[in-house]
Amino acid sequence: MATETMVKPVTEYEVVIGLEIHAELLTDAKVWCGCSTKFGAEPNTQVCPVCMGLPGTLPVLNREAVAYAIKAGLALNCSIAPEARFDRKHYFYPDLPKAYQITQNDHPLCRRGYVEFELGGETRRVGIHHIHLEEEAGKLMHAGDRLMEAEYSLIDYNRAGIPLIEIVTEPDIRSPEEARVFLENLKSILEYTRVSDCRMEQGSLRVDANISLRPKGSTKFGNKAEIKNLNSFRAVQRALEYEVRRQTEILQRGEEVAAETRHWDETKGVTVAMRTKDEEDDYRYSPEPDIPPFEVDPAWVERLRAQLPELPREKQQRFVEQYELPAYDAGVLTADAKVADFFEACVAAYGKPKIVSNWLMGEFLRLLREDGAEVQDVPLTPEGLAELLTLVDRGVISGSIGKEVFEDMFRTGKSAAAIVKERGLEQISDEGELAAVVDQVIAENEDAAAKVRAGEMKTIGFLVGQVMQKTRGKANPKLVNELLRARLVQE
Amino acid sequence: MKFTPEQVRALAGQARLGLTDEEAERLAAQLTDVLQEAERLKELDVEGVEPTLFGVQLVNVWRDDAVEASLPRDAALAAAPDVQDGFVKVPRIVEE
């Protein structure tokens, strides 16, 4: 067989990513009617003729939804339009009762903002093209959970008409990782501002990603794929990583990437081209005649601006300055406003910010993650943590026992002193009692002891560990160390 | 400009309206009349005239963020062609 060597030209590609983020607003009532927005109700019990799209009904704009959207815009450094209006976007899909969605096509409420964040030691800025206000569609559940295979689908219209903002970024994102970090920062800002609870698992925050590749140095955009069904920030990163590989291979073969919508399959870890019935490229936008345009009073915008809380990056900066924390610690602690508040309360009760930071970044966040809990649900109080840390400082318990006690306090809310007493965890600092254990450990570990005698000091850690094991972690490690040295090391 | 019965049937299909052939023919003729009437408007010179989007000049018609009673579920679902466990049931959405 004749062989022919083909030398492929190696082209380096630049990744271009833009995101569309949908966030449900935290109003009590829907955007055009008085139905509740509360999550988790029985299906189709929070619906009325307006949000079911029955003929002859008239939507009336919820003023608070506009206020929330403006706040989101201000927190994302957007300018607020003095005048805005709504349009109808027409398409047929079972979750859309009116067969059109009321949205803002060319008169969005907020424009030209940005989010700044740190990535790999440099400050990145991703532009916000605009934010518009629109209504949610109903929620579809597919038989067997998979749209592609479902023989039928079920619809709950409770969600239809919940106010939603769509945040559209500029195509400024240059890697899948950057997309994830941007989203984490955006979520923090929206949570801080209390405009959305941003719960991806409940669908109150959703992300679609547009991705294309182009040869490095080119200023022309390549064909883009729009990725849907991204259920977590991790899924966003994974799906985009997959797309970078897929599109690179297509371009390397000299072919063209299809401009299409693709569906992320979380289990298989791939994106699949998606076609739906009645899908139309032309949404036939037209001005919404039922909702008069609205003017945004600049004084109102200023009142809303004054209500904005300290935002994550400002808080991070302040933590670095006020508490002398490393930027990394400050970033972790301020990602969630409630964690940041808890930290400040702990420092007020105990002092020593770096020690508090270590406990919160380590044990506290770990347990929150493990339990899937929110800060406000945790019975541990800042005063409780201060008490525990004081016990460690005074040598009543060791640091490692402290972690055990912490876990108990985190889950039960009992006081540190009560737990220590109840479980007999006081640190053993009695020299006589410890000396007996130390002697026993040396006798049982002659080899290790010999090594230490011969000057191999790193082995002393092993012996300390043996003593800790025999005392179930209660021995005062400093004292154990001293006792071992006194026996094994010629000073 | 003409509306064909085929176009009417396609539109009716998307809007989930059942039409007989006779109705499609009749509506095609009527819609053609409407379109032709609208075509006449193109004869006007509207250069520099702002489009009128609303018949009445209202701005800032708001409602408060207050929850009101919703419909009883039976009433809300009364017009749905198929219902299962309190959900509206629809046939397969995706094409191959």
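Here the structure is a predicted model, which is why all the values come from computation and not from measurement. The sequence lines fix the lettering, A, B, ..., with proteins before strands; numbering per chain opens at 1.
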Among A/P289, A/A65, A/A67, A/P293, residue most engaged with chain B (heavy-atom pairs, under 4.5 Å): A/P293

Choice from A/P43, A/G138, A/C35 maximising heavy atom contacts with chain B below 4.5 Å: A/P43

Quick one: [atom1] on [X] to [atom2] on [Y], what's the gap to the nearest 0.5 Å?
X	Y	atom1	atom2	value
A/M141	B/Q84	CE	CD	11.0 Å
A/I291	B/L58	CD1	CG	12.5 Å
A/R85	B/F54	CZ	CZ	6.5 Å

Residue A/R194 excluded, over 12 heavy atoms near CZ under 6.0 Å: no

Crowding at CD, B/Q30 (>12 non-hydrogen neighbours, <6.0 Å): yes

Measure the shortest side-chain to side-chain distance between [X] and [Y] over non-hydrogen atoms and say whether it is less than 4.5 angstrom.
X	Y	result
B/N60	A/F294	yes
B/V61	A/L61	no
A/Y152	B/P91	no
B/W62	A/V66	yes
A/P287	B/L53	yes
A/D156	B/F87	yes

Region of B/D85 in contact with chain A, defined by heavy-atom distances below 4.5 Å: backbone

Pairwise side-chain hydrogen bond (donor to acceptor under 3.5 Å, both in side chains) hits with a residue in residues 42-56 of chain B, at least two apart: B/E39-B/K42

A/N44 versus B/A76, closest heavy-atom pair with distance: O-CB, 4.5 Å

Proximal to chain A - members of residues 64-75 of chain B, heavy-atom separation under 4.5 Å: B/D64, B/D65, B/A66, B/V67, B/E68, B/S70, B/L71, B/R73

A/E288 versus chain B, the contacting section by heavy-atom distance below 4.5 Å: backbone

